**Student:** 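Structure in structure tokens, see below.
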Number of protein chains: 2
Amino acid sequence: MEYKKELQRLIEDFKTNYLPSVSVDLVIFGFHDGQLKVLLLRWKGTEEWCLPGGRIRNDENLDDSAYRSLRERTGLREIFLQQFYTFGDVLRYKHIDQHETLRKLGLPEEAVHEFANRDVSVGYYALVEFENVVPTPDFFTDECRWWDINQVPTLLFDHNDMISLALKTLRRQLSYQPIGYSLLPDKFTMPDLQQLYETILGQSLDRRNFQKRMLGYGILERLEERKFGGAHKAPYLYRFDKEKYEKVLAEESLFVG
Amino acid sequence: MEYKKELQRLIEDFKTNYLPSVSVDLVIFGFHDGQLKVLLLRWKGTEEWCLPGGRIRNDENLDDSAYRSLRERTGLREIFLQQFYTFGDVLRYKHIDQHETLRKLGLPEEAVHEFANRDVSVGYYALVEFENVVPTPDFFTDECRWWDINQVPTLLFDHNDMISLALKTLRRQLSYQPIGYSLLPDKFTMPDLQQLYETILGQSLDRRNFQKRMLGYGILERLEERKFGGAHKAPYLYRFDKEKYEKVLAEESLFVG
DNA sequence: ACAAAAGTGTTCTTTGTACACCCATGT
DNA sequence: ACATGGGTGTACAAAGAACACTTTTGT
């Protein structure tokens with residue numbers, strides 16, 4: 001059976017080229033239709049969904065490994081990606097026993113034993129531009145697609161918790177630094193940006209105060225162009241000034257300078 | 001040789017009972033003499049210093065493993081401990097080649113190979129009451145003592161970076177939630193608390209505004225007692241109201257509720 | 001009595017929030 | 001022409017920063 005053979009090869013590959021006991025999980029946020037979306041994967045032959053993730057190569061930096069996984073699932077590079085928490089509870093497999101889970105996922109018995117070691121998982125979250133993503137399943141999954149953040153089903157492992165914490169971190173981050181660069185298309189209107197904020201925060205904001213604050217960051221460039229086609233007054237288009245944007249981000253960043 | 005035998009036993013123990021590829025490192029802050037201190041360990045037979053750390057048992061939660069290591073080095077339990085970042089660069093061993101480091105540390109050749117696998121390390125920081133700590137070296141080290149935060153030498157691995165980031169996180173945390181519970185003795189004066197803040201932040205604060213803010217948290221209880229013996233006016237003593245303190249902390253916590 | 005630290009309140013500045021009118025566009 | 005959303009500015013409230021005088025203690 002082709003699948004089994006491929007699986008065997010994969011297990012071997014993992015054993016020799018990747019770090020045991022550690023993995024990376026990604027909460028990939030996108031924004032579309034006024035809704036915040038998360039990218040999820042469906043396990044082969046089941047109705048079980050989970051977050052995309054990956055393992056760390058022996059010779060690979062942790063961050064690079066997260067970027068690599070992100071690239072493999074979305075086709076995107078150079079986007080906003082940030083570590084938010086490391087999950088290490090023994091019972092990260094809440095709903096059912098882990099061996100059960102793995103069997104349920106259709107892994108043959110010998111593979112179950114290989115994968116059933118408990119992992120510590122480093123959580124990253126990413127903000128990506130919805131339109132540019134080409135959702136791509138991996139070997140273990142046969143579907144990769146966006147889910148509305150409010151309609152995420154019960155996921156495998158502790159992945160629902162991960163999404164909650166990622167969102168919480170994202171919301172906090174929103175309050176002290178700008179966000180939106182990699183979530184919106186190149187040119188966007190102020191109402192677009194506001195809708196993004198409102199969606200992430202789950203509350204509505206005052207239009208005038210919002211605009212004041214955003215312009216106050218000094219990271220937006222107003223274009224001459226306007227966006228016609230809406231049923232009403234044509235709003236101005238804006239673009240991020242990438243240089244200033246990065247500067248503002250860097251000032252408040254947690255990363256080791 | 002007794003040491004070699006013990007080392008062999010230890011390596012065996014690690015291989016069977018602990019997760020490979022992952023470790024925990026601790027930045028333990030204490031406060032004494034108006035100075036912020038960090039607890040460091042000196043490797044057996046060398047002048048090389050590093051952070052205390054530990055490994056995760058197969059059946060142990062990540063957080064519990066950090067608590068255990070902390071207890072082993074300080075004798076303390078139930079103190080403030082928080083994950084701040086996970087370090088996973090391949091070159092976490094900046095100064096010299098890792099094999100060199102390990103040999104330099106006096107490990108026999110066979111042990112070098114066992115330990116030379118690259119680890120991902122989860123960083124935690126702790127705030128402890130200086131007076132209560134009994135610094136205790138472990139198997140690999142023959143000294144454990146406090147260092148002034150401004151006089152920390154060049155440490156092994158990426159441990160200087162870890163301290164920097166821990167301090168940065170601590171400073172940020174200070175701005176939106178109270179700190180001090182486990183860093184100060186049970187009863188303390190407002191100037192004591194202020195000095196703690198000034199030391200951590202590395203800047204002086206206005207006495208009146210500081211007091212206003214602290215009392216504003218509603219977590220301090222002023223005692224009738226005062227602290228005599230200083231050369232001047234006797235300041236009041238305060239105590240934290242543990243219950244309210246925990247409540248304020250919980251409101252802003254990042255942890256999964 | 002005096003030097004040095006501690007207790008206490010008020011003013012000012014800055015930041016954020018609330019709020020209303022006019023204008024442009026597609027139908 | 002009109003309904004709808006977009007553009008803009010001002011007044012008020014809250015939070016934070018600046019600041020001075022009186023009191024207490026040991027020497």
Side-chain angles (χ1 to χ4, degrees), chain A residues 33-34 171-180 184-185 187-239 248 251-252, chain B residues 33-34 171-180 184-185 187-239 248 251-252:
Chain A
D33 252 353
R171 281 177 176 166
R172 167 171 301 175
Q173 183 161 352
L174 220 55
S175 68
Y176 57 82
Q177 64 178 217
I179 270 183
L184 290 173
K187 297 172 183 176
F188 53 89
T189 68
M190 194 58 77
D192 288 342
L193 185 60
Q194 179 170 352
Q195 196 189 25
L196 169 64
Y197 270 68
E198 290 180 338
T199 304
I200 293 178
L201 292 174
Q203 60 178 278
S204 56
L205 303 169
D206 183 273
R207 204 153 45 88
R208 293 150 288 190
N209 295 335
F210 180 79
Q211 170 148 335
K212 219 181 300 174
R213 194 171 120 221
M214 286 305 124
L215 295 178
Y217 284 128
I219 56 170
L220 288 176
E221 179 190 1
R222 184 159 105 177
L223 309 175
E224 285 313 310
E225 261 177 289
R226 299 208 273 166
K227 183 184 180 181
F228 294 90
H232 310 292
K233 182 170 180 177
Y236 287 100
L237 285 169
Y238 289 83
R239 182 172 17 208
V248 172
E251 277 166 17
E252 260 304 320
Chain B
D33 252 353
R171 282 178 176 163
R172 168 173 300 176
Q173 183 161 352
L174 220 54
S175 70
Y176 59 81
Q177 63 179 214
I179 270 185
L184 290 172
K187 297 172 182 177
F188 53 90
T189 69
M190 195 59 76
D192 289 342
L193 185 60
Q194 181 171 350
Q195 197 189 24
L196 169 65
Y197 270 68
E198 290 180 339
T199 304
I200 293 177
L201 293 173
Q203 62 179 274
S204 55
L205 302 169
D206 182 273
R207 205 153 44 88
R208 292 151 288 190
N209 295 335
F210 180 79
Q211 170 147 336
K212 220 181 299 175
R213 193 170 121 221
M214 287 305 125
L215 295 179
Y217 284 129
I219 56 170
L220 288 176
E221 178 189 0
R222 184 160 106 176
L223 309 175
E224 286 312 310
E225 263 177 289
R226 300 208 271 165
K227 183 185 181 181
F228 293 89
H232 310 291
K233 182 169 179 177
Y236 287 100
L237 285 169
Y238 290 83
R239 185 177 9 213
V248 173
E251 278 166 17
E252 258 307 317

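When reading the values below, keep in mind they use all heavy atoms of this one structure, side chains included, and skip hydrogens, waters and symmetry mates. Naming: A, B, ... by sequence-line order, numbering from 1 per chain. What you see is a predicted model, and the numbers here were worked out from it, not measured in a lab.
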**Student:** What are the two closest non-hydrogen atoms of B:I200 and B:R171, and how far apart are they?
**Tutor:** O-NE, 2.7 Å
**Student:** Students should find this one: the first and last nucleotides of DNA chain C, 5' to 3', lying under 4.0 Å from a heavy atom of chain A. What are they?
**Tutor:** C:dT17 to C:dG26
**Student:** Could you work out, with side chain to side chain contact (heavy atoms under 4.5 Å, CB included) as the rule, every residue matching B:T199, not counting sequence neighbours?
**Tutor:**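 Once residues adjacent in sequence are excluded, the partners of B:T199 under the side chain to side chain contact (heavy atoms under 4.5 Å, CB included) criterion are B:F31, B:L36, B:Q195.
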**Student:** What nitrogen or oxygen pairs link the protein and nucleotides 10-16 of chain D at under 3.5 Å?
**Tutor:**
{"residue": "D:dT10", "atom": "O4", "partner": "A:K212", "partner atom": "NZ", "Å": "3.0"}

**Student:** Enumerate the ring-ring contact (aromatic ring centres under 6.0 Å, His included) contacts for residues 191-230 of chain A, please, sequence neighbours excluded, ordered by first and then second residue.
**Tutor:** A:Y197-A:F210
**Student:** Could you tell me the separation between the CG atom of A:L215 and the P atom of D:dG9, rounded to a whole number of Å?
**Tutor:**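 My rounded result for the distance is 11 Å.
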**Student:** If the condition is side chain to side chain contact (heavy atoms under 4.5 Å, CB included), which residues does A:Q211 pass it with, not counting sequence neighbours?
**Tutor:** A:M190, A:L215, A:Y238
**Student:** From A:M214 CE over to A:L205 CG, what is the distance, rounded to the nearest 0.5 angstrom?
**Tutor:**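 With rounding to 0.5 Å, CE (A:M214) is 8.5 Å from CG (A:L205).
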**Student:** To check you understand the geometry: which heavy-atom pair defines the closest contact between A:G180 and A:L196, and what is its length?
**Tutor:**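 Taking every non-hydrogen atom into account, CA-CD2, 3.8 Å.
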**Student:** Would you please name every residue forming a side chain to side chain donor-acceptor pair (under 3.5 Å) with B:R208, sequence neighbours left out?
**Tutor:** B:D206
**Student:** Let me know the distance between NZ of B:K233 and P of D:dT25, rounded to the nearest Å.
**Tutor:**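 The answer, rounded to whole Å, is 8 Å.
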**Student:** Between atom NZ of B:K227 and atom OG1 of B:T189, what is the distance when rounded to the nearest 0.5 Å?
**Tutor:**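 Between B:K227 NZ and B:T189 OG1, I get 5.0 Å after rounding to 0.5 Å.
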**Student:** Run the side chain to side chain contact (heavy atoms under 4.5 Å, CB included) test against A:Q173 and tell me which residues pass, sequence neighbours left out.
**Tutor:**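 Checked A:Q173 against side chain to side chain contact (heavy atoms under 4.5 Å, CB included); matches are A:F80, A:Q82, A:Y125, A:Q177, A:I179.
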**Student:** Tell me: CZ of B:F210 to P of D:dC19, nearest whole Å?
**Tutor:**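 Computing the B:F210:CZ to D:dC19:P distance gives 20 Å.
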**Student:** Among all residues two or more places apart in sequence or in another chain, which pass the side chain to side chain donor-acceptor pair (under 3.5 Å) test with B:E198?
**Tutor:** B:Q194
**Student:** Listed in order of residue number, which residues of residues 221-232 of chain A have a non-hydrogen atom at under 4.0 Å from DNA chain D?
**Tutor:**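 Result for residues 221-232 of chain A: A:R222, A:H232, sorted by number.
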**Student:** Using the test side chain to side chain contact (heavy atoms under 4.5 Å, CB included), find all partners of B:K212 that sit at least two apart in sequence or belong to another chain.
**Tutor:** B:N209
**Student:** Considering only heavy atoms, which members of residues 187-208 of chain B lie under 4.0 Å from some atom of DNA chain D?
**Tutor:** B:D206, B:R207, B:R208
**Student:** Quick one: side chains of residues 218-226 of chain A, donor-acceptor pairs under 3.5 Å with protein atoms, not counting sequence neighbours, listed by atom name and distance.
**Tutor:**
{"residue": "A:E225", "atom": "OE1", "partner": "A:K187", "partner atom": "NZ", "Å": "2.9"}
{"residue": "A:R226", "atom": "NH1", "partner": "A:A234", "partner atom": "O", "Å": "3.1"}

